[in-house]
Every structure is written in C-alpha cells, then in structure tokens.
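Atoms considered below: every heavy atom in the structure, side chains included; atoms not considered: hydrogens, waters and symmetry mates. Treat the numbers as computed from the prediction; the structure is a model and nothing was measured. Every number for a ligand or one of its atoms is a count from 1 in the order of the listing.
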Amino acid sequence: MDYGFFDDASREYVITRPDTPLPWLNYLGEDDFFGLCTNTGGGYTFWKDARLRRLTRYRYNNIPLDSGGRYLYVNDGGSVWNPGWKPVKAKLDRYECRVGLGYERITGEKDGLEIDLTFFIPQGRNEELWKVRVTNKSKVRKTPKLFSFQEFCFYEALNDMTNYQRTWSIGEVEVESGAIYHKTEYRERRNHYALFACTRPVAGFDTDRDAFVGVHEGLHEARAPFAGRCTNSKAFGWNPVGAHEVDLDLEPGASEDFAFVLAYVDQGEAPKFERPGVIDKSKGREVLARWSRPGAVDAALAELRAFWDGLLANFQAELPDADANRMLNVWNQYQCMATFNLSRAASLYETGIGRGMGFRDSNQDILGFVHMIPGRARERILDIAATQLSDGTCFHQYQPLTKKGNAEVGGDFYDDHLWLVLSTCAYVKETGDASILEEPVGYADRDYAKGPDGRRRHADGTPAESLLDHLETSVAYTMKKRGPHGLPLIGHADWNDCLNLNCFSKEPNESFQCAGDVAGSKAESVMIAGLFLKAAAEMSGLYAFLQRPVAAKRMEAARAEMLAAVESQAWDGEWYRRAYDAEGRPVGSRDCDEGRIFIESQAWCALGGAGADDATDAEGRPAASRGRARKALESVHRELYTEEGIVLQQPAYTRYRLELGEVSSYPPGVKENAGIFCHNNTWIHLALCELGEGDRALEYYRSICPSAKQAKIETYRSEPYVYAQMVAGRDAPCFGEAKNSWLTGTAAWTFVALSQGILGVKPDYEGLRVDPCIARSWKGFKATRRFRGATYEIEVRNPQGASKGVKRVLIDGDELGPAKAEAGKGVVLPLFPAGSAHRVVVELGD
Ligand code: BGC
C-alpha cells in the first residue's frame with residue numbers, strides 16, 4: 001500500500017491517504033511556541049513547556065489513537081466532513097497532507113468544495129495560525145458553513161487530566177466579537193491567557209464543550225456542525241473550548257481566504273484587568289489585528305519557509321544515494337531541530353508530562369544542531385551544565401520552563417556528565433568560541449547571587465564555577481567512581497537506561513531505575529569506560545587548542561589509565577564485554593547464557609580508540625590489544641546485524657533477571673532487550689568509518705534509513721521522513737516495526753554519522769576537516785558547508801574506487817601542500833574570512 005511520497009523539490013513529504021499505518025506526526029514552531037500536528041490535524045499546542053504551559057488538550061492513547069486536536073468541520077448543504085478526514089471520517093474525494101518544515105498543509109475536497117488548510121507557527125511569535133482557503137470548484141453556488149474546534153487545556157497538563165474535582169469548576173472565558181479569550185486561573189496567579197479567534201467575521205461561536213459536542217456524543221458526531229449552527233455558549237466551569245462558525249457564500253470558481261489564530265498572550269507587568277472581572281484584552285486585540293491585515297498570514301508562511309531554506313543551507317550535499325540525500329539535506333536536520341527543542345518531552349510516545357529535558361539526551365541533541373544555530377546551542381549547554389551537582393553527578397532530567405532538575409528522578413546515572421564534554425567540544429569546534437568555557441555556570445546544589453553583570457557569583461563575590469570547571473569535574477568524577485576492575489561504576493544505569501545493575505527491583509510498583517541505593521554499588525560499565533576514552537581525548541584536544549599542554553597531558557594520562565583497564569579487564573576474546581554486575585559477574589560475555597554480546601561497548605570502545613590497529617605497548621611494540629576494534633565490529637556484524645539494523649544485544653533475555661533490571665523486563669526483540677535501537681546503530685557507523693569500512697557503513701546506514709523503508713511501510717508503520725528510536729528486532733514477532741519516532745538521539749547521531757563519518761566533513765578547532773569514508777562504488781559527492789562564516793563548496797572525487805584516504809586537495813584551484821594533510825585523518829581546510837566562498841576539490845585514493 002502506498003501512503004505517500006517525498007516531494008524533494010518542495011522539501012515536503014506528501015501523504016496521500018489519511019489512514020496511515022500509525023498517526024504520522026509533524027511539529028510546528030521552532031523557538032518558544034510549539035505544536036504537535038498529525039496528518040489528520042490531531043495534537044496540541046504549548047508554550048515552552050508541554051507540561052506547565054499547555055494551551056490545548058490532547059488525550060494520549062485515545063481510541064482511535066489520534067483523536068482530538070485542530071479540527072475544522074464543514075457543513076456543505078447538510079453533508080458534514082473534515083478536510084483532514086478526522087473526526088467525522090466522511091469519505092473525501094481528495095485528501096492530501098503536505099508535511100512541511102514547520103507547517104502541515106492538509107487539503108480535503110468533497111462534492112466540489114475544496115478546503116486547503118495550513119497550520120503553522122510564525123517565526124518568533126507565540127501564535128499558531130490555521131490558514132484557510134475555501135474554493136468552490138463546482139458549477140453551482142455553495143453556502144458552506146465551517147466550524148473550527150479545539151479544546152482548551154488548563155495549562156498544567158497533569159492537573160488538567162487528573163484533578164477534575166477542581167478543574168471542572170474553574171473554567172472561564174470571555175468573548176469579544178467572536179474572539180474567544182480563555183482565562184481560566186487568570187483571576188489568581190496566572191498573568192497569561194489563550195486567545196482563539198478568526199480573522200474574518202464569524203456567524204457564531206461556542207465555548208462550552210457540552211454545547212458544541214454534546215455530553216454523550218463523540219467528536220465525530222459533534223452537535224453544532226451537524227446542526228449547522230453554533231449556540232454562542234459561554235463556558236462556566238466544566239470544559240471550555242474554542243469553536244467558531246463561519247458562513248460562506250461562494251459562486252462557482254470563487255475562493256475565500258482567512259485564518260484562525262490561537263495565541264498565548266503574556267500580560268507581563270501590564271495591568272491584568274480592564275475592569276473588575278474583565279481581562280485587559282489589548283494585547284490579544286493587537287495579535288488579531290496583526291493577522292487580519294491582508295497578506296500578513298501568507299507573508300509569515302513565506303518567511304518561515306525562507307528561514308528553513310537559510311538554515312539548511314549551512315549543510316547541503318549531493319550524494320549518489322537518493323534516500324541518504326534527502327534525509328541528510330532536509331529531514332534529518334529538521335528532526336534535529338525538534339530533538340534540540342523538545343528533548344524527549346512531547347511526541348506521540350512522550351506525553352509532555354513525564355519527562356522534561358534529559359541531561360544526556362540534550363547534550364547529544366546538540367551534536368546535530370550546533371551547526372544550525374550555534375548561539376542557541378551555547379545557551380542550552382550552559383543551562384544543562386547548571387543542573388550538574390558539585391560532586392560531578394547530574395540531574396538526569398530538568399523542566400524547560402523552570403530549568404530546575406527533576407528531584408523525583410534525581411541523578412546517579414554515571415554516564416550523564418561525560419556527554420557534556422562532547423557537546424561543549426562540538427560547540428567550540430563549530431564556532432571557535434572558547435569564551436563559553438569561562439562562563440560562570442555554578443552547580444545545582446550551591447547558592448549563588450547574581451552580580452551587577454548578571455553573572456552568578458559566590459557569597460564572597462568570586463564568580464561561580466565555570467563551564468570548564470564542570471568539564472574537569474566530569475572527568476574527575478568518572479576517574480574517582482571506579483569499581484573493582486578499574487572500570488567506571490554504572491550507578492542507576494548508563495546510556496542504556498534499562499541496564500540497572502544495582503537496583504534489584506522486586507516490587508511491581510517501584511521504578512527500575514531508581515529503586516535501591518547505588519551508594520555502595522560495585523557494578524561497572526564498559527560502555528562508560530569507552531565513552532570516557534572519547535571524552536578524555538576530546539578534553540586533551542580542547543586543552544591543546546587552548547595551548548595548555550600540561551592539562552592536555554593530564555587528560556592523556558587519565559585516558560591511558562582507563563584504556564589499560566579496558567584492554568586488560570573488558571576484552572572477552574571476540575568483543576568487549578558490556579559490564580560487570582554488582583557481584584562482579586560479566587554482562588555481555590561468551591560465558592553468559594543470554595545477553596552475550598552488546599552493541600554499546602563495541603561502539604564506544606572503538607570510538608574511544610581501544611583495540612586500535614596501531615596500538616603499541618609501553619616499549620613501542622605491537623600491543624596485545626591491536627586490532628580488537630576491528631574484531632569487535634566483525635562480531636557485531638556476525639552476531640547483531642540484520643537487514644533492518646543492528647540489534648542491541650543477543651541472545652535476547654527470555655526471562656526477568658533481577659540483577660540486570662529493566663532490560664530483561666521487555667519481551668525479546670523490543671527496546672533494550674534486543675530491539676534495533678537506531679541511536680546506537682549510528683555509533684557503529686561512526687566506528688566503521690574510523691576503520692575505513694565505507695561499504696559497510698553505508699549498508700548499515702541504509703538498513704535504518706526511514707526513506708528506504710517506504711517499500712515495506714506496512715511493516716515499518718512509522719513516519720518515513722524521520723528516524724525512529726527503535727525498530728523491532730528479529731526476536732520479535734513484528735520484526736521491522738518502528739516505534740518512538742521523532743524524539744530520539746538517533747536524529748543527532750545520524751547527522752553526525754552521515755555528515756562527519758561517511759562524508760567526513762568535520763568541524764575542528766583549526767579549520768574544517770575533510771576525511772570521507774564512502775562506499776567504494778561512489779564516484780564521489782558534493783557538499784556545501786558553512787563554517788565560521790565562510791562557505792566551503794566541496795567536491796570529493798573517487799576515481800580509484802577507494803573508501804578512505806585523501807590523496808590530493810585543491811582549494812580554489814591551488815594545490816594544498818602535503819603539510820596540511822595528516823596521515824589517516826584527511827585534511828584540515830584552513831579558515832577563511834566570513835562571507836567568502838571557496839571551491840575545494842578532494843581526491844580520494846592512495
Ligand atoms: C532515553 C535515553 C536512553 C535510551 C536508551 C531513551 O529512551 O531517552 O536517555 O539513553 O532510551 O536506554
């Protein structure tokens with residue numbers, strides 16, 4: 001079955017039938033104001049924080065799955081339908097949903113009436129627009145009535161869906177000329193309200209849900225649209241909604257354009273009330289006036305499209321692989337914006353209530369975002385760092401609105417702090433801005449005052465600890481927190497949230513991660529060891545850039561100590577072990593009956609430089625560890641690779657193992673229990689690129705590339721335009737089915753793997769490094785990269801069918817001297833003045 005296609009020229013995915021295998025999602029907004037919008041208009045809108053400032057309601061896991069959202073009903077001479085098919089689900093003569101960058105354009109046509117509906121959030125505004133064009137394509141005059149509808153949320157989403165003894169008595173609205181002001185709780189501590197209005201005159205409105213929908217009716221049979229009129233109801237308590245009736249009169253061929261506006265209006269310090277009980281609406285009126293001006297809505301949409309064109313121009317490539325090409329150029333970068341903004345908070349799998357911003361998640365998200373808007377990445381790094389505690393551990397999650405760590409989840413995930421090193425170094429490499437390291441960030445468990453310059457200070461006036469202090473604390477913490485094998489302790493878990501080696505959860509009503517005390521725990525993680533190797537190497541590179549050779553050496557020494565522990569304690573013969581449990585037994589070893597080999601430790605040990613092809617011992621002789629990385633990756637291929645991607649471990653756990661935690665709680669083949677976690681597939685892609693395995697890197701990439709799944713979409717089910725966190729592994733009955741699309745570390749890491757690993761275009765401190773590792777069959781590729789203000793138009797040629805190895809480099813026609821090319825690491829292109837453009841030809845070969 002075909003559900004759609006990529007319109008590459010328009011940078012849109014076109015969904016051609018509404019009954020997709022799962023609801024397919026898109027996001028509106030990319031700054032402070034966001035909407036989730038499915039291909040039938042489902043979803044909701046919030047300001048900054050999906051839990052604390054939710055404007056409209058959505059009932060997750062509803063029946064059907066995606067019901068509720070931005071609905072427009074049409075009553076055309078008694079025939080009632082929706083252009084987005086839902087909720088009435090009347091058969092349409094034509095349906096199309098164009099998934100665009102920051103907008104969703106849904107067109108529905110029935111009996112000669114066409115409704116073209118575009119949802120988007122204009123740049124820099126706290127407003128969502130529903131741009132509507134109604135066209136009478138028939139040969140007779142038509143007088144359709146349109147009904148807008150959405151349900152207001154009482155801002156705090158958890159309270160909104162749990163505390164009806166209160167919420168059913170607090171709902172309040174005001175209506176002025178059909179503009180609906182949702183002012184629940186405005187009388188007390190809130191100084192913000194929501195406005196839902198239409199840019200053209202309306203024939204009526206409803207604000208009481210029971211009046212518009214009915215008490216016993218569902219949205220598919222809502223009373224007002226079927227009756228053909230709104231009742232001008234005023235909500236008092238219960239459930240306030242926003243609904244308008246628009247009556248049109250269209251001659252054959254005639255169209256009418258208008259828009260609905262949903263706004264979040266913050267009164268700030270302005271007086272809240274016009275007169276007792278009546279809110280000051282001046283800001284709301286301004287918003288409505290702005291969008292009522294002819295051309296304003298179209299101009300805002302054009303501005304949004306131009307914004308994305310500009311942003312994507314920072315990195316564009318022409319690859320011989322159409323799937324990789326469109327993912328890299330458009331959809332992957334678009335997804336990176338969503339993960340940067342929303343971490344793992346609000347998708348169809350995350351309710352916006354459970355999790356805020358994840359410490360490790362957000363640091364990784366920055367890796368795929370920093371090239372787009374480095375200034376925002378800078379701010380985010382500082383926010384995240386401020387949730388680290390002075391001993392080095394971190395709040396695992398924090399709320400975006402308050403920027404405060406989530407005390408319920410707490411910390412003690414002993415990988416968290418190391419990701420901060422990776423994000424910070426990526427930022428400095430991208431921008432050359434080392435000043436971020438001096439920013440006084442401070443720790444979450446200390447009190448600071450703000451100095452006259454707005455910066456955090458200790459009581460004695462000295463600046464709070466800097467970001468660089470945080471990085472040092474992070475490295476020191478891992479070195480300090482090591483177990484009997486000299487490997488890092490794991491705490492509650494490492495990247496694999498479900499490998500809980502210290503928690504021993506026996507009670508169904510306790511959390512796997514947080515049960516028990518990790519204080520005296522002995523369980524160790526090889527994955528953290530590998531990550532540490534990488535982080536310490538990054539720190540040493542950073543210090544070299546800062547011209548602090550002593551500190552760089554100190555980092556190298558720490559790295560060497562960890563490397564020795566990895567090579568002597570973690571090698572299993574064919575691969576690296578995954579961990580040691582609390583009793584010191586290996587996890588991920590040939591001696592285990594299940595869970596013999598895990599993906600994460602192979603990837604991170606290799607990326608951290610363990611088992612290198614040129615490893616030497618202290619005397620400079622070939623070390624016993626030489627070639628282990630290659631061997632480990634060969635084991636990954638043999639034991640874990642499938643045509644749908646690499647499974648996380650094998651054999652899957654078939655029963656619950658108290659000593660391993662949540663990982664064994666999942667049925668075989670899903671999630672961390674041998675599912676295909678796309679996120680960590682990308683680490684293997686990168687490791688393969690380090691070793692020059694370009695053919696395999698591309699083959700592996702294609703195995704998880706959503707664009708390449710279109711032919712098997714009935715099995716894959718999720719959106720073909722964004723990566724999913726997980727695809728069911730071969731142990732599952734639904735092998736190949738994707739879940740948890742959109743908000744996943746896969747987004748950032750695939751961008752890194754493809755752009756920096758396979759294409760080899762890597763920001764570095766002194767310039768832009770180019771070190772491709774491509775499939776031998778590729779004759780070359782082109783990439784345009786904006787870096788520190790200059791544009792590099794790179795053409796890579798591969799006349800000899802090589803995978804790796806830079807033979808020759810021409811910059812603007814001049815040969816680059818051999819001094820610039822480092823053996824095995826490609827070439828570092830020099831920095832150029834901002835605004836200049838340069839043609840670079842890179843020839844691969846021996
Ligand atoms: C979490 C990540 C974690 C991953 C693997 C995701 O759901 O957001 O933090 O690393 O699962 O367990």
Side-chain angles (χ1 to χ4, degrees), residues 50 335-336 338-368 384 387 393-398 400 405-406 409-420 422-423 490-501 503 511-514 525 527-528 530-531 578-579 587-588 595 598-601 603-604 645-649 653 660-666 670-684 718 723-727 729 738-750:
Q335 186 178 1
C336 284
T339 57
F340 173 81
N341 281 321
L342 302 172
S343 195
R344 307 296 170 267
S347 69
L348 292 180
Y349 302 84
E350 304 283 1
T351 60
I353 290 172
R355 302 209 234 175
M357 312 295 281
F359 194 100
R360 78 159 79 89
D361 297 328
S362 292
N363 275 305
Q364 293 174 76
D365 295 342
I366 284 166
L367 307 178
I384 300 171
T387 65
T393 186
C394 313
F395 277 108
H396 197 48
Q397 291 161 9
Y398 72 96
N406 176 344
V409 180
D412 288 331
F413 292 77
Y414 290 164
D415 64 316
D416 271 340
H417 51 282
L418 293 174
W419 301 104
L420 183 64
L422 267 55
S423 63
I490 196 169
H492 286 306
D494 59 23
W495 171 86
N496 187 333
D497 259 341
C498 301
L499 201 56
N500 316 121
L501 304 181
C503 303
S511 142
F512 284 107
Q513 272 96 34
C514 305
S525 161
M527 190 232 153
I528 300 183
L531 177 60
R578 178 63 177 82
V587 179
F598 280 68
I599 190 174
E600 304 99 312
S601 41
W604 279 104
I646 311 163
V647 299
L648 193 143
Q649 52 99 345
Y653 295 111
L660 302 182
E662 189 176 3
V663 68
S664 58
S665 76
Y666 285 112
V670 292
K671 297 287 277 182
E672 285 83 343
N673 189 13
I676 296 159
F677 237 85
C678 299
H679 184 157
N680 53 31
N681 274 235
T682 65
W683 300 335
I684 296 287
S718 292
Y723 295 94
Q725 177 210 57
M726 198 267 303
V727 175
K739 269 191 199 140
N740 292 21
S741 56
W742 274 105
L743 300 185
T744 158
T746 318
W749 277 109
T750 311

**Request:** Compute the shortest N/O to N/O distance between Trp495 and ligand 1 and return yes if it is under 3.5 Å, no if not.
**Result:** yes
**Item:** Criterion side-chain hydrogen bond (donor to acceptor under 3.5 Å, both in side chains) on Glu662 and Asn673, from CA distance to verdict
**Value:** CA-CA 9 Å; Glu662 189 176 3; Asn673 189 13; over 6 Å; no
**Prompt:** Which residue holds the protein heavy atom closest to atom 12 (O) of ligand 1, what is that atom called, and what is the gap in Å?
**Reply:** Glu672 OE2, 2.5 Å
**Item:** atom 8 (O) of ligand 1 - nearest protein heavy atom and its distance
**Value:** Arg355 NH1, 2.9 Å
**Prompt:** Should you measure from each heavy atom of Asn496, which atoms of ligand 1 turn up under 4.0 Å away?
**Reply:** 12 (O)
**Item:** Atoms of ligand 1 close to Arg344 [distance to a heavy atom under 4.0 angstrom, numbered from 1]
**Value:** 8 (O)
**Message:** Does only the side chain of Asp497 get under 4.0 Å from ligand 1, or the backbone, or both, or neither? Count heavy atoms.
**Reply:** both
**Message:** Tell me whether Asn681 contacts the main-chain N or O of Ile646 through its side chain, where contact means a donor paired with an acceptor under 3.5 Å.
**Reply:** yes
**Request:** Determine yes or no for a side-chain-to-main-chain donor-acceptor pair under 3.5 angstrom, with Gln335 supplying the side chain and Tyr723 the backbone.
**Result:** yes
**Request:** State yes or no: are the ring centers of His396 and Phe359 separated by less than 6.0 Å?
**Result:** no
**Prompt:** Are Ser362 and Ser343 linked by a side-chain donor-acceptor pair shorter than 3.5 Å?
**Reply:** yes
**Request:** Using a 4.0 Å heavy-atom threshold (strictly under), name the region of His679 that reaches ligand 1: side chain, backbone, both or neither.
**Result:** neither
**Prompt:** Which atoms of ligand 1 are found less than 4.0 Å from any heavy atom of Gln725?
**Reply:** 6 (C), 7 (O), 11 (O)
**Prompt:** In the protein, which heavy atom is nearest to atom 2 (C) of ligand 1, and how far is it?
**Reply:** Asp361 OD1, 3.2 Å
**Prompt:** Counting distance only, does the side-chain N/O of Asp415 pair as donor-acceptor with the main-chain N or O of Trp495 below 3.5 Å?
**Reply:** yes
**Prompt:** Are the charged groups of Asp497 and Arg360 less than 4.0 angstrom apart, N to O?
**Reply:** yes
